[in-house]
Amino acid sequence: MRVGILGSGLMGGKLGTIWARAGHEVVFSYSHSDRKLAKLAREAGHSATPGTPAEAAQCDAILLAVHWSQVNDVLKRAGNLSGKVMISCSLPMNRSDTALVIAHTRSGAEALAAKLRKARVVSAFSTVPSEVLFGVYAARRRKLKPSLVYCGDDARAKRVAALLIRAAGFDPVDAGPLRIARFTEPFTLLIAQLAYERKGGPELAYRFERLRHGALPR
Ligand SMILES: NC(=O)c1ccc[n+]([C@@H]2O[C@H](COP(=O)([O-])OP(=O)(O)OC[C@H]3O[C@@H](n4cnc5c(N)ncnc54)[C@H](OP(=O)(O)O)[C@@H]3O)[C@@H](O)[C@H]2O)c1
């Protein structure tokens with residue numbers, strides 16, 4: 001698959017690197033520094049290239065990984081996104097990253113889908129800190145994987161998202177339609193609290209267990 005990265009920072013840089021190493025073609029875009037994009041692509045391997053947001057937007061799947069305040073700018077530079085699978089890890093945070101600016105009755109993912117009426121938006125990856133991504137990928141062959149919730153309204157786009165979630169070493173958990181991002185986005189603030197404010201460090205992932213016949217799976 002060809003994956004375009006809109007926002008090549010902590011999340012986009014790492015996820016793009018992981019997908020390139022997993023064998024996907026990756027276009028890194030949207031940084032203040034073209035040299036940084038070139039270095040990311042070089043280090044990610046031969047299937048990665050640096051590009052513009054418009055080039056990233058030509059890919060089969062696109063990861064949106066920018067601060068909420070930059071969403072309009074990057075989308076404008078990306079151009080036409082009709083029909084595109086748009087996976088967003090961007091959270092609707094204020095400029096100081098202290099609070100959600102959209103919550104309770106709507107989610108950032110729904111606000112994004114309203115901007116991109118013809119794109120197929122999936123909310124995924126926002127519920128884990130960037131610091132855990134390489135570790136999870138390194139442990140991808142283990143049987144017990146961390147969970148990763150995702151949600152969206154388009155079945156095909158969700159299949160693409162699930163494939164990329166698996167490629168990154170997580171167990172995809174389909175949480176339902178896009179409006180469920182109203183729950184997953186605030187959940188991320190809990191994850192951030194545990195990762196950055198409590199002991200143990202930010203290399204934190206989570207795992208949901210469903211009991212079968214009253215017992216945990218062996
Ligand atoms: N970091 C996490 O652990 C984490 C976890 C879950 C969700 N999220 C969410 O994921 C999204 C991305 O977070 P992040 O931590 O990856 O952010 P980040 O490290 O700041 O990356 C953002 C990227 O956008 C680029 N950018 C910003 N303004 C730009 C401009 N005017 N022109 C060109 N490029 C510009 C940055 O350029 P430079 O390369 O020059 O910096 C960087 O590559 C956010 O919405 C955040 O809330 C983050």
Side-chain angles (χ1 to χ4, degrees), residues 3-19 26-44 48 50-57 62-79 86-103 107-112 115 121-137 146-151 161 164-165 168 170 181 183-198 200-206:
V3 189
I5 308 290
L6 294 177
S8 297
L10 290 171
M11 293 297 285
K14 288 179 186 172
L15 284 169
T17 298
I18 284 167
W19 290 326
V26 171
V27 179
F28 287 104
S29 81
Y30 202 62
S31 164
H32 296 95
S33 160
D34 289 343
R35 284 178 65 185
K36 176 181 168 179
L37 295 178
K39 183 166 183 277
L40 265 174
R42 219 170 32 247
E43 290 177 357
T52 63
E55 285 163 349
I62 299 157
L63 175 76
L64 180 68
V66 297
H67 191 271
W68 195 247
S69 57
Q70 293 304 127
V71 167
N72 286 341
D73 183 56
V74 77
L75 293 182
K76 198 169 134 203
R77 297 200 209 181
M86 170 66 83
I87 300 170
S88 175
C89 73
S90 291
L91 282 173
M93 300 299 287
N94 61 10
R95 283 183 189 272
S96 53
D97 276 328
T98 50
L100 292 166
V101 292
I102 302 175
S107 61
E110 289 166 280
L112 178 69
K115 282 182 203 291
V121 175
V122 178
S123 174
F125 292 104
S126 72
T127 54
V128 286
S130 66
E131 288 86 347
V132 84
L133 293 172
F134 284 140
V136 170
Y137 181 66
S147 305
L148 196 101
V149 288
Y150 67 108
C151 57
L164 290 172
I165 291 169
F170 291 90
F183 309 144
T184 62
E185 289 173 2
F187 170 71
T188 301
L189 302 200
L190 167 67
I191 298 292
Q193 165 71 10
L194 296 174
Y196 302 116
E197 305 298 332
R198 306 301 294 170
E203 290 177 9
L204 177 81
Y206 57 90

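Source: prediction; values computed, not measured. Whatever order the structure lists ligands and atoms in, that order sets their numbers, starting from 1. Computation of the quantities below employed the complete heavy-atom set of this structure, encompassing side-chain atoms and omitting hydrogens, waters and symmetry-equivalent molecules.
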Can we call the ring centroids of Phe125 and Trp19 under 6.0 Å apart? yes
Could you tell me if Thr98 and Ser96 have a donor-acceptor pair between their side chains, going purely by distance under 3.5 Å? yes
Quick check on ligand 1: any N or O pairs to the protein under 3.5 Å? One line per pair.
{"residue": "ligand 1", "atom": "3 (O)", "partner": "Ser130", "partner atom": "N", "Å": "2.8"}
{"residue": "ligand 1", "atom": "3 (O)", "partner": "Tyr196", "partner atom": "OH", "Å": "3.4"}
{"residue": "ligand 1", "atom": "10 (O)", "partner": "Cys89", "partner atom": "O", "Å": "3.2"}
{"residue": "ligand 1", "atom": "16 (O)", "partner": "Leu10", "partner atom": "N", "Å": "3.2"}
{"residue": "ligand 1", "atom": "16 (O)", "partner": "Met11", "partner atom": "N", "Å": "2.8"}
{"residue": "ligand 1", "atom": "19 (O)", "partner": "Leu10", "partner atom": "N", "Å": "2.9"}
{"residue": "ligand 1", "atom": "31 (N)", "partner": "Gln70", "partner atom": "NE2", "Å": "3.3"}
{"residue": "ligand 1", "atom": "34 (N)", "partner": "Ser31", "partner atom": "N", "Å": "3.4"}
{"residue": "ligand 1", "atom": "37 (O)", "partner": "His32", "partner atom": "ND1", "Å": "3.4"}
{"residue": "ligand 1", "atom": "39 (O)", "partner": "Ser31", "partner atom": "OG", "Å": "2.8"}
{"residue": "ligand 1", "atom": "39 (O)", "partner": "Lys36", "partner atom": "NZ", "Å": "2.6"}
{"residue": "ligand 1", "atom": "40 (O)", "partner": "Ser31", "partner atom": "OG", "Å": "3.2"}
{"residue": "ligand 1", "atom": "40 (O)", "partner": "His32", "partner atom": "N", "Å": "2.9"}
{"residue": "ligand 1", "atom": "40 (O)", "partner": "His32", "partner atom": "ND1", "Å": "2.8"}
{"residue": "ligand 1", "atom": "43 (O)", "partner": "Ser8", "partner atom": "N", "Å": "3.2"}
{"residue": "ligand 1", "atom": "43 (O)", "partner": "Ser8", "partner atom": "O", "Å": "3.3"}
{"residue": "ligand 1", "atom": "43 (O)", "partner": "Gly9", "partner atom": "N", "Å": "3.1"}
{"residue": "ligand 1", "atom": "43 (O)", "partner": "Tyr30", "partner atom": "O", "Å": "3.4"}
{"residue": "ligand 1", "atom": "45 (O)", "partner": "Val66", "partner atom": "O", "Å": "2.7"}
{"residue": "ligand 1", "atom": "45 (O)", "partner": "Leu91", "partner atom": "N", "Å": "3.1"}

To check you understand the geometry: which heavy-atom pair defines the closest contact between Phe170 and Ser147, and what is its length? CD2-O, 3.6 Å
Sidechain-backbone polar pair: Lys36 side chain, Ser8 backbone, donor-acceptor under 3.5 Å: yes
Does one side chain, of Ser123 or Tyr150, offer a donor that lies under 3.5 Å from an acceptor on the other? no
Is it the case that the side chains of Thr188 and Glu185 hold a donor-acceptor pair, with the cut-off being a distance below 3.5 Å and no angle test? no
